[in-house]
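Structure first, commentary second.
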Amino acid sequence: MPRPYQPSLLRILHGAVAVLVPAAWISGLIVYSLHDGRWGRLPWHPGGDWIDIHGSLGVLLWPLAIAFGLYALSLGRARLRRPENAAALLGLALAVGSGKLMSEDWLRQGELDQAVYGIHLLAWLLIGAAVLWHVSGVLGRGGLPLARSMASLQARPNDRPRHWPGQIARCFRRSG
Ligand code: HEM
Ligand code: HEM
């Protein structure tokens with residue numbers, strides 16, 4: 001089997017998202033445990049204003065998630081036919097969309113019955129499950145070589161950043 005190769009634009013966007021989503025997930029868990037905890041709390045919390053930390057990670061994540069989503073829906077459309085890839089993208093859209101509608105004051109004021117907060121919590125569970133499914137799909141299909149191809153730092157000579165505009169233009173010419 002040839003060594004799997006991922007386009008460099010996909011690797012950059014996917015890589016940034018794949019770092020920030022687990023960070024948002026874990027900081028969200030700490031926020032949940034500190035300010036909600038209806039279904040349990042962590043035995044220990046690191047110090048700091050975790051709503052602020054989580055909000056800052058969210059601010060970094062949402063523009064990247066939009067760029068990654070646009071990539072996946074256009075240049076990466078063929079891969080979205082795999083349900084586990086599509087599920088990861090849907091989980092991301094729901095988590096980021098409901099996060100943008102969250103008010104940082106709700107949890108501080110104990111307003112745990114806000115509908116948007118309920119959706120944000122649901123999205124947290126869904127993206128966790130979707131990413132586990134996505135990663136096990138990747139490992140099941142192509143094993144470590146496929147997983148590693150997404151983290152590789154090497155780009156082919158015809159797949160450098162200066163080729164990205166041409167790649168995007170070709171994609172739209174094909175579908176237009
Ligand atoms: C992977 C899971 C999660 C993702 C991707 C995510 C993403 C986001 C995003 C993008 C924002 C908006 C930031 C902004 O632009 O202001 C946000 C806000 C927020 N999220 Fe999450 N979130 C996740 C899980 C959680 C969990 C589990 C909790 C706590 C129970 C939580 C609590 C909050 C709060 C309180 C805000 C408002 C913070 C602020 O605006 O400063 N999130 N989240
Ligand atoms: C953490 C959140 C993650 C999200 C939201 C996510 C989302 C996605 C999406 C939407 C695609 C399809 C891209 C396209 O349409 O072009 C994709 C592809 C891929 N992802 Fe992830 N991913 C995540 C984490 C990971 C991790 C941790 C790995 C490493 C094991 C990984 C490995 C891959 C690989 C190898 C592909 C290409 C798969 C294929 O050809 O079908 N992803 N990812």
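Just so you know, ligand 1 is whichever comes first in the structure, and atom 1 is the first atom listed for that ligand. Computation of the quantities below employed the complete heavy-atom set of this structure, encompassing side-chain atoms and omitting hydrogens, waters and symmetry-equivalent molecules. For reference, positions follow the sequence shown, starting with 1.
Heavy atoms of Arg77 come nearer than 4.0 angstrom to ligand 2 in no pair at all.
Relative to atom 11 (C) of ligand 1, the option among Gly99, Ala24, Gly97, Gly55 with the closest non-hydrogen atom is Gly99. Remark: among candidates Glu104, His120, Arg108, the nearest residue to atom 38 (C) of ligand 1 is Glu104, based on non-hydrogen atoms. When Arg81, Arg11, Gln6, His134 are ranked by how near their heavy atoms come to atom 24 (C) of ligand 2, first place goes to His134.
Protein heavy atom at the shortest distance from atom 15 (O) of ligand 1 is Lys100 NZ, 2.9 Å. Here the protein heavy atom with the shortest distance to atom 30 (C) of ligand 1 is Tyr117 OH, 3.3 Å. Taking atom 9 (C) of ligand 2 as the reference point, the nearest protein heavy-atom neighbour is Phe68 CZ, 3.5 Å. Taking atom 35 (C) of ligand 2 as the reference point, the nearest protein heavy-atom neighbour is Leu146 O, 3.4 Å. Closest to atom 16 (O) of ligand 1, if we only count protein heavy atoms, is Val59 CG2, 3.9 Å. Of all protein heavy atoms, the one closest to atom 2 (C) of ligand 1 is Trp124 CD1, 3.7 Å. Atom 39 (C) of ligand 2 has as its closest protein heavy atom Arg141 NH1, 3.6 Å. Looking only at heavy atoms of the protein, atom 29 (C) of ligand 2 is closest to Ala147 CB, 4.3 Å. If you check which protein heavy atom lies closest to atom 26 (C) of ligand 1, you get Gly28 CA, 3.4 Å. When only non-hydrogen protein atoms are considered, atom 25 (C) of ligand 2 lies nearest to His14 CE1, 3.4 Å. In terms of protein heavy-atom proximity, atom 37 (C) of ligand 1 is nearest to Met102 CB, 3.8 Å. Closest to atom 3 (C) of ligand 2, if we only count protein heavy atoms, is Val131 CG2, 4.0 Å. Considering only non-hydrogen protein atoms, atom 14 (C) of ligand 2 sits nearest to Arg79 CD, 3.4 Å. Ranking protein heavy atoms by distance to atom 4 (C) of ligand 2, first place goes to Ala88 CB, 4.1 Å. Protein heavy atom closest to atom 23 (C) of ligand 1, with residue, atom name and distance, is His54 CE1, 3.3 Å.
At a heavy-atom distance under 4.0 Å, only side-chain atoms of Trp62, from C-beta outward, approach ligand 1. Contacts between Asn85 and ligand 2 below 4.0 angstrom, taking non-hydrogen atoms only, involve backbone and side chain alike. Contacts of Asp52 with ligand 1, taken as heavy-atom pairs under 4.0 Å, are absent altogether. Neither the backbone nor the side chain of Leu57 comes within 4.0 Å of ligand 1, counting heavy atoms alone.
Close contacts between ligand 2 and Arg82 involve ligand atoms 41 (O) [criterion: under 4.0 Å to a heavy atom]. Near Ala18, with a cut-off below 4.0 Å to any heavy atom, the atoms of ligand 2 are 1 (C), 24 (C). Taking a cut-off of under 4.0 Å to the non-hydrogen atoms of Leu107, the atoms of ligand 1 that pass are 35 (C). Ligand-side atoms of ligand 1 in range of Val31: 29 (C), range being under 4.0 angstrom from any heavy atom. Annotation for ligand 2: atoms under 4.0 Å from non-hydrogen atoms of Val135 are 26 (C), 27 (C), 30 (C). Atoms of ligand 2 lying under 4.0 Å from any heavy atom of Leu89, numbered from 1 in the order shown and given with element: 10 (C). Close contacts of ligand 1 with Tyr32, meaning ligand atoms under 4.0 Å from a residue heavy atom, involve 29 (C), 30 (C). Each of the following atoms of ligand 2 lies closer than 4.0 Å to a heavy atom of Leu80: 15 (O).
Close N/O approach between Gly76 and ligand 2 is found [any backbone or side-chain N/O within under 3.5 Å].
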